[in-house]
Amino acid sequence: MIRTVESASHVSAPVLAAYRYCETVTGQQARNFAYGIRLLPTPKRRAMSALYAFSRRVDDIGDGDLADDVKVARLQETRALLARIREGGIEEDDTDPVAVALTHAADAFPIPLDGLDELIDGVEMDTRGETYETWDDLKVYCRCVAGAIGRLSLGVFGTEPGARGAERAAEYADTLGLALQLTNILRDVREDALGGRTYLPADDLAKFGCAAGFERPTPPEGSDFAGLVHFEVRRARALFAEGYQLLPMLDRRSGACVAAMAGIYRRLLDRIARDPEAVLRGRVSLPGHEKAYVAVRGLSGLDTRQVTRHGAGRSVGRRV
């Protein structure tokens, strides 16, 4: 069983300032995750913000305009910083607030920091321009950049004492990460194509006549683009259904956080399914009021109760 180790001891001024910096980064840049993180009690909220700020730094290196060799060097520097954090080599007066906050969070909670190494591995795959022949190939990438984040987050959330099936909690957290990442890939399919990246499996693209790519705001001529999207949506929905089994294993506010973050992406997936070509015309997103509704729904525990009653076979959060 995974348990949190929330410390009730005083948080020093330098550490508190570092956490505030990370919370600012999270509030400004985590357009979807911030809705869930706000539902957590203060120690967990701070720890999740530290995880997000470090992960954001890694992602920004990969998504930036630097030359690939410079990106690789920056990622190596970030990996070395992570090693210092893991070894307790960061002092409270260090000039890097993210390192200070993450060091404190890793002392307070059993966070598996190796997951951040996996994130760096995934971003390095991006710098190499890797493509994926099959879903099994793509899953390796998704587990690095998103599944690992699920497992890291579980280190902060912990599981409830005596929770049934808690030995599979990390597996479910990983699966939810895959669901979120596949939703991201569908949403950003044209943006990624314009940036020279293709994530959807080549097997799937060929099957639906989409091997020509998505540089244009219309589907490839003669393709079944809607069929491709619906195929991937079904795959993502199955991942959400399995991953949602994590919810009954968490305390109320941690469960609310996960339900809010996953629920926003689940609704985003539904929007894509209703109008597949929308992802070629622009960025599909949810309005703020709908995100807020999903957060309130998560806090109510409705999704958790549905999973408890019906198990993975029933979809959660499909309708308002």
Side-chain angles (χ1 to χ4, degrees), residues 2 22 25-26 29-30 32-33 37 47-64 68 71-90 98-99 101-103 105-107 109-159 167-185 188 192 197 199 201 236 239 242-243 246 258 261-262 265:
I2 302 168
C22 293
V25 170
T26 303
Q29 299 190 41
N32 293 324
F33 288 162
I37 291 173
M48 287 294 293
S49 295
L51 278 173
Y52 178 85
F54 190 94
S55 301
R56 181 76 263 167
R57 178 179 296 181
V58 176
D59 285 342
D60 285 347
I61 294 171
D63 292 338
D68 286 343
K71 289 183 179 182
V72 170
R74 293 282 179 86
L75 290 171
Q76 289 174 346
E77 292 169 3
T78 307
R79 200 186 292 276
L81 175 62
L82 179 59
R84 288 179 57 208
I85 293 170
R86 186 184 292 110
E87 295 161 5
I90 302 295
V98 176
L102 187 55
T103 297
D107 285 341
F109 297 94
I111 300 173
L113 291 177
D114 288 353
L116 291 171
D117 277 307
E118 293 182 54
L119 173 62
I120 296 171
D121 291 341
V123 175
E124 286 181 340
M125 294 167 75
D126 282 336
T127 65
R128 295 194 297 268
E130 291 198 18
T131 56
Y132 308 95
E133 290 296 315
T134 67
W135 167 237
D136 284 341
D137 295 333
L138 180 58
K139 276 196 295 188
V140 174
Y141 171 78
C142 291
R143 285 210 158 95
C144 285
V145 299
I149 302 302
R151 286 176 266 121
L152 286 158
S153 300
L154 184 62
V156 175
F157 300 146
T159 55
E167 68 279 359
R168 299 188 65 186
E171 174 188 338
Y172 295 139
D174 181 277
T175 300
L176 268 183
L178 264 64
L180 269 60
Q181 186 61 27
L182 183 54
T183 303
N184 268 337
I185 288 171
D188 298 339
D192 289 333
R197 294 178 181 174
Y199 291 103
L239 292 168
E242 180 179 350
L246 175 66
V258 173
M261 293 189 292
Y265 277 83

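Hydrogens, waters and symmetry mates are skipped; everything else that's a heavy atom, side chains included, is used. Predicted model, so just to flag it, every value in this text is computed and none were measured.
With a 4.5 Å cut-off on side-chain heavy atoms, L154 and Y172 do not count as touching. F33 is listed as a side-chain neighbour of L180, based on a closest heavy-atom distance under 4.5 Å. The shortest side-chain heavy-atom distance between R86 and D114 falls under the 4.5 Å cut-off. Counting only heavy atoms from C-beta outward, the side chains of N184 and Y265 approach each other to under 4.5 Å. Within the 4.5 Å cutoff, no side-chain heavy atoms of K139 are placed close to those of Y132. Considering only heavy atoms from C-beta on, D121 comes within 4.5 Å of R79 through its side chain. Side-chain contact between V123 and I120: absent, with no pair of heavy atoms (C-beta onward) separated by less than 4.5 Å. When side chains are defined from C-beta on, I61 does not count as touching E77, because their heavy atoms never get closer than 4.5 Å.
Across all their heavy atoms, A179 and A236 have their closest contact at CB-O, 4.0 Å. Contact record, A99 with I85: CA-CD1, 3.9 Å, taken as the closest heavy-atom pair. Nearest heavy atom pair, residue E118 against residue R151, reads OE2-NH1, 3.0 Å. The two residues L82 and L113 make their nearest non-hydrogen contact at CD2-O, 3.9 Å. Of all heavy-atom pairs between L176 and A262, the closest is CD2-CB, 4.2 Å. Smallest separation of non-hydrogen atoms from C22 and S49: CB-O, 3.6 Å.
Taking CH2 of W135 as the reference point, atom SG of C142 lies at 5.0 Å (rounded to 0.5 Å). Here D174 contributes atom CG and R168 contributes atom CZ; the two are 12.0 Å apart, rounded to the nearest 0.5 Å. Distance CG/L75 to CD/E124: 5.5 Å, rounded to 0.5 Å. Atoms CZ and OG1, from R56 and T26 in turn, are 10.5 Å apart once rounded to the nearest 0.5 Å.
Judged purely by distance below 3.5 Å, without hydrogens or angles, the side chains of Y199 and D126 pair a donor atom with an acceptor atom.
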| query | What do the steps show when you test V145 against M125 for side-chain contact (heavy atoms from CB on, under 4.5 Å), and what is the final call? | reply | CA-CA 10 Å; V145 299; M125 294 167 75; over 6 Å; no

| message | The test is side-chain contact (heavy atoms from CB on, under 4.5 Å); show your working for R84 and T103 and say whether it passes. | response | CA-CA 9 Å; R84 288 179 57 208; T103 297; over 6 Å; no

| said: One pair to check against side-chain contact (heavy atoms from CB on, under 4.5 Å): R143 and L178. What are the steps and the verdict? | reply: CA-CA 6 Å; R143 285 210 158 95; L178 264 64; 3.4 Å; yes

| request: Please step through side-chain contact (heavy atoms from CB on, under 4.5 Å) for the pair L119 and D59, ending with a clear verdict. | output: CA-CA 9 Å; L119 173 62; D59 285 342; 3.9 Å; yes

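Under the side-chain contact (heavy atoms from CB on, under 4.5 Å) test applied with L116, the options L102, T78, L81, V58 reduce to a single match, L102. Among the candidates K71, R57, R197, the single residue satisfying the salt bridge (charged side-chain N to carboxylate O under 4.0 Å, His left out) test with D63 is R197.
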